[in-house]
**Q** 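The structure follows.
All values derive from a computational prediction rather than experimental measurement.
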Amino acid sequence: MPSLSEETNGKISQLMPGATIGIIGGGQLGQMMAISAKYHGFRVGTLDPTPDCPVAQVADFQIVAEYDDKTAIHELAERSDVLTYEFENVDADAIDEVRDLAAVPQGTDLLRVTQDRVHEKQFINDHGTPTAPWKSVDDAGGLREAIREIGYPAVLKTRCGGYDGHGQDVLRGDDDLDRVLARAQEEGSFPASILEGFVDFAFEASILVSGNGTDLVTFPIVHNEHRNNILHLTIAPAQVEPRIEREAHELAVRLAKGFELAGTLAIELFITKDGRVVVNELAPRPHNSGHYTIEACSLDQFDAHVRGIVGWPLEQPRLLSPAVMVNVLGQHVAPTRALIAEHPEWNVHDYGKAEIKHDRKMGHITVLTDNTAATVDALEETGCWNDLND
Ligand code: AMP
């Protein structure tokens, strides 16, 4: 039998086709990783509580269990050569416990840092990179003190576990502060939190960086629009002056080096009205705002992730065409499907989720275009996304 593991590229063992990649989490990010892994010739296993989850539909095997089920993580590691994950709230201790069974090229530092907003902000600042002003807050007194320091408006976020705006409150004045304190008193506890100054941004952006333990490559900076705290569309590339583009690439490389990055890391940014580039948060994995790379770049974020964790070389991705990516949430499934026949330019992605729910990410559409503004208008004019305009 041929060896599945060649010698190392830096610290990462180079795996060959036939080796098995175990993915913790079976959603759309894992599915797109798995599709990439499959055509590179790897076997894929996943751990997810939902039978026939998106990854299972393209994987070789699924272990049906909760994400924090240590026995199941152990089994996945035993059956895999390398472990990765598609979301950040994975039990880092459980992964550390199986590192003698399967390689974990991403390590667990990246997970631990990105699981806790205080550690994350500290890491970003320690690597010479600006964030909103912030303060760790553990109780009512701490919140009052943080407000005195940071001022209104501010955003209060739970340190751990929040996503897409969940676990967040915007505090615009004392009324909001009193409301948050009353709620904490009612619940009998004050969750460990962070208070951030509200960033007066011109727009939100993001940049992806991928590594294989040795080389780092960056993707173009893109412009993101959210509705109800959920990504609605991504415009690639963002229209920014070269200085902003350069700063974004430089900070991406700095942060990635700090993690000795393997795989793909997403960095969410605010571009302020006075032209500063401020980091909002990090995602230690491929990202919704990077889906456009599948059609629009010479290397996509999932291929870069897979190649990175199996120690293959990475070539700097090139943007082959400007693009617009729009998310298809549960409420957009029927209207977009009804229009597929009229839109040959739509690159339609459907994640195969069995249950269609309001605001659930069900798929996305990417359009390659020479005129991103006209394409955004054309997408909005279909009326498919009208519910987001309220
Ligand atoms: P997050 O979960 O931290 O990505 O926050 C969700 C969304 O809330 C972001 O995409 C922004 O639109 C908004 N937001 C979060 N933090 C701030 C901030 N410090 N200032 C302004 N807007 C923010």
Side-chain angles (χ1 to χ4, degrees), residues 23-36 38 44-59 61-67 85-90 161-168 224-235 266 283 285-295 300-302 323-367 375-376 378-390:
I23 304 174
I24 301 174
Q28 66 269 16
L29 297 174
Q31 185 188 57
M32 289 180 271
M33 275 179 205
I35 290 169
S36 167
K38 287 309 296 176
V44 174
T46 187
L47 186 166
D48 192 277
T50 306
D52 199 38
C53 61
V55 178
Q57 293 172 31
V58 294
F61 67 89
Q62 176 180 10
I63 298 168
V64 180
E66 293 300 327
Y67 308 118
Y85 45 81
E86 61 134 25
F87 62 99
E88 48 273 42
N89 290 317
V90 176
Y163 68 97
D164 285 349
H166 295 267
Q168 291 191 21
N224 297 323
E225 287 188 15
H226 295 81
R227 298 277 190 279
N228 309 324
N229 280 321
I230 303 173
L231 184 68
H232 170 42
L233 55 81
T234 293
I235 301 165
R285 51 171 169 77
H287 192 262
N288 193 168
S289 68
H291 292 352
Y292 79 94
T293 60
I294 295 174
E295 287 87 9
D300 79 55
Q301 63 166 348
F302 300 101
V324 175
M325 187 284 317
V326 60
N327 268 337
V328 175
L329 305 180
Q331 63 270 35
H332 310 133
V333 170
T336 52
R337 283 188 187 167
L339 291 182
I340 284 175
E342 292 170 33
H343 290 283
E345 79 284 11
W346 283 6
N347 291 284
V348 175
H349 294 249
D350 186 290
Y351 310 138
K353 294 182 185 177
E355 208 185 333
I356 300 178
K357 284 198 274 195
H358 190 88
D359 278 356
R360 186 176 200 201
K361 290 176 182 170
M362 302 298 295
H364 69 267
I365 293 168
T366 299
V367 180
T375 298
V376 170
L379 285 164
E380 298 295 1
E381 276 163 22
T382 64
C384 293
W385 292 272
N386 276 356
D387 67 294
L388 303 179
N389 296 330
D390 304 340

**Q** Partners of His226 by ring-ring contact (aromatic ring centres under 6.0 Å, His included), sequence neighbours excluded?
**A**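 Partners of His226 under the ring-ring contact (aromatic ring centres under 6.0 Å, His included) test: none.
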
**Q** Do Asn228 and Asp359 pair up side chain to side chain, a donor and an acceptor below 3.5 Å, judged on atom types alone?
**A**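 No pair is found: no donor N or O on one side chain lies under 3.5 Å from an acceptor on the other.
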
**Q** Could you pull out the closest heavy-atom pair between Asn288 and Leu231, with the gap in Å?
**A**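 Answer, listing the atom of Asn288 first, then Leu231: CG-CD2, 3.6 Å.
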
**Q** About how many Å separate CG of Leu379 and CD1 of Ile365, when rounded to the nearest 0.5 Å?
**A**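 Between atom CD1 of Ile365 and atom CG of Leu379 there are 7.0 Å.
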
**Q** Taking side chain to side chain contact (heavy atoms under 4.5 Å, CB included) as the definition, give me every residue that meets it alongside Pro49, ordered by chain and number, with sequence neighbours left out.
**A**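 Testing Pro49 for side chain to side chain contact (heavy atoms under 4.5 Å, CB included), a comparison that skips the adjacent residues, returns Glu66, Tyr67.
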
**Q** After noting the C-alpha distance and the side-chain angles of Asp387 and Arg227, does the key distance pass the side chain to side chain contact (heavy atoms under 4.5 Å, CB included) rule?
**A** CA-CA 10 Å; Asp387 67 294; Arg227 298 277 190 279; over 6 Å; no

**Q** If you look at every heavy atom in Ala34 and Val58, which pair is closest and at what distance?
**A**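 Looking at all heavy atoms of both residues, the shortest contact is CB-CG2, 3.6 Å.
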
**Q** Quick one: does Phe87's side chain get under 4.5 Å of Leu29's, heavy atoms only?
**A**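 Answer no - side chains too far apart.
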
**Q** For the side chain to side chain contact (heavy atoms under 4.5 Å, CB included) test, which of Val326, Leu233, Val367 pairs with Val376?
**A**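 Filter result, single survivor: Leu233.
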
**Q** Could you grab the distance from atom CD1 of Ile235 to atom OH of Tyr292, nearest 0.5 Å is fine?
**A**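 Answer for the CD1-OH pair, Ile235 versus Tyr292, is 12.5 Å.
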
**Q** Any chance you could lay out the side chain to side chain contact (heavy atoms under 4.5 Å, CB included) test for Asp48 and Val55, step after step, and finish with the verdict?
**A** CA-CA 9 Å; Asp48 192 277; Val55 178; over 6 Å; no

**Q** Test your reading of the model: is there a side-chain donor-acceptor pair from Ser289 to the backbone of Thr234, 3.5 Å cut-off?
**A**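 Not a single qualifying donor-acceptor pair exists.
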
**Q** If you look only at distance, which donor and acceptor atoms sit under 3.5 Å apart when one is on a side chain in residues 338-346 and the other is two or more places apart or in another chain?
**A**
from, atom 1, to, atom 2, distance (Å)
His343, ND1, Glu345, OE2, 2.8

**Q** Test side chain to side chain contact (heavy atoms under 4.5 Å, CB included) on Met362 and His332 and set out the steps.
**A** CA-CA 9 Å; Met362 302 298 295; His332 310 133; over 6 Å; no

**Q** Shortest non-hydrogen contact from Gly30 to Glu86?
**A**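 Taking every non-hydrogen atom into account, N-OE1, 2.8 Å.
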
**Q** Among Val44, Thr46, Ile23, find the one that has a side chain to side chain contact (heavy atoms under 4.5 Å, CB included) with Gln62.
**A**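 When side chain to side chain contact (heavy atoms under 4.5 Å, CB included) is applied between Gln62 and each of Val44, Thr46, Ile23, only Thr46 qualifies.
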
**Q** For Phe302 and Met33, which heavy atoms make the closest approach, and how far apart are they?
**A**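 The answer is CD2-N, 3.6 Å.
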
**Q** Please list all pairs passing the salt bridge (Lys or Arg N to Asp or Glu O under 4.0 Å) test where one or both residues lie in residues 327-340, with sequence neighbours left out.
**A**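 The answer is Arg337-Asp350.
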
**Q** Partners of His364 by ring-ring contact (aromatic ring centres under 6.0 Å, His included), sequence neighbours excluded?
**A**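 His364: ring-ring contact (aromatic ring centres under 6.0 Å, His included) contacts with His291, His349, Tyr351.
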
**Q** Closest approach of Gln331 and Leu388, non-hydrogen atoms and distance?
**A**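 Scanning both residues, the minimum pair turns out to be NE2-CD2, 4.4 Å.
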
**Q** Flag the pair Lys353 and Glu355 as a salt bridge only when some basic side-chain nitrogen lies within less than 4.0 angstrom of an acidic carboxylate oxygen.
**A**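 Judged by the 4.0 Å cut-off on N to carboxylate O distance, Lys353 and Glu355 do not form a salt bridge.
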
**Q** Which atoms form the tightest heavy-atom contact between Gln31 and Pro54, and what is the distance?
**A**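 Scanning both residues completely, I find the closest heavy atoms to be NE2-O, 3.0 Å.
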
**Q** Answer whether the closest heavy-atom distance between the side chains of Asn327 and His232 falls below 4.5 Å.
**A**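 Side chain of Asn327 against side chain of His232, heavy atoms only: no contact under 4.5 Å found.
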
**Q** Enter the distance from Gln57:CD to Ile35:CD1 here, rounded to the nearest 0.5 Å.
**A**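 Interatomic distance, Gln57 CD to Ile35 CD1, rounded to 0.5 Å: 9.5 Å.
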
**Q** Phe61: what forms a ring-ring contact (aromatic ring centres under 6.0 Å, His included) with it, not counting sequence neighbours?
**A**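 Residues passing ring-ring contact (aromatic ring centres under 6.0 Å, His included) with Phe61: none at all.
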
**Q** Just wondering, do His358 and Leu329 contact through their side chains at under 4.5 Å, heavy atoms?
**A**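 SC-SC contact between Leu329 and His358 ruled out.
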
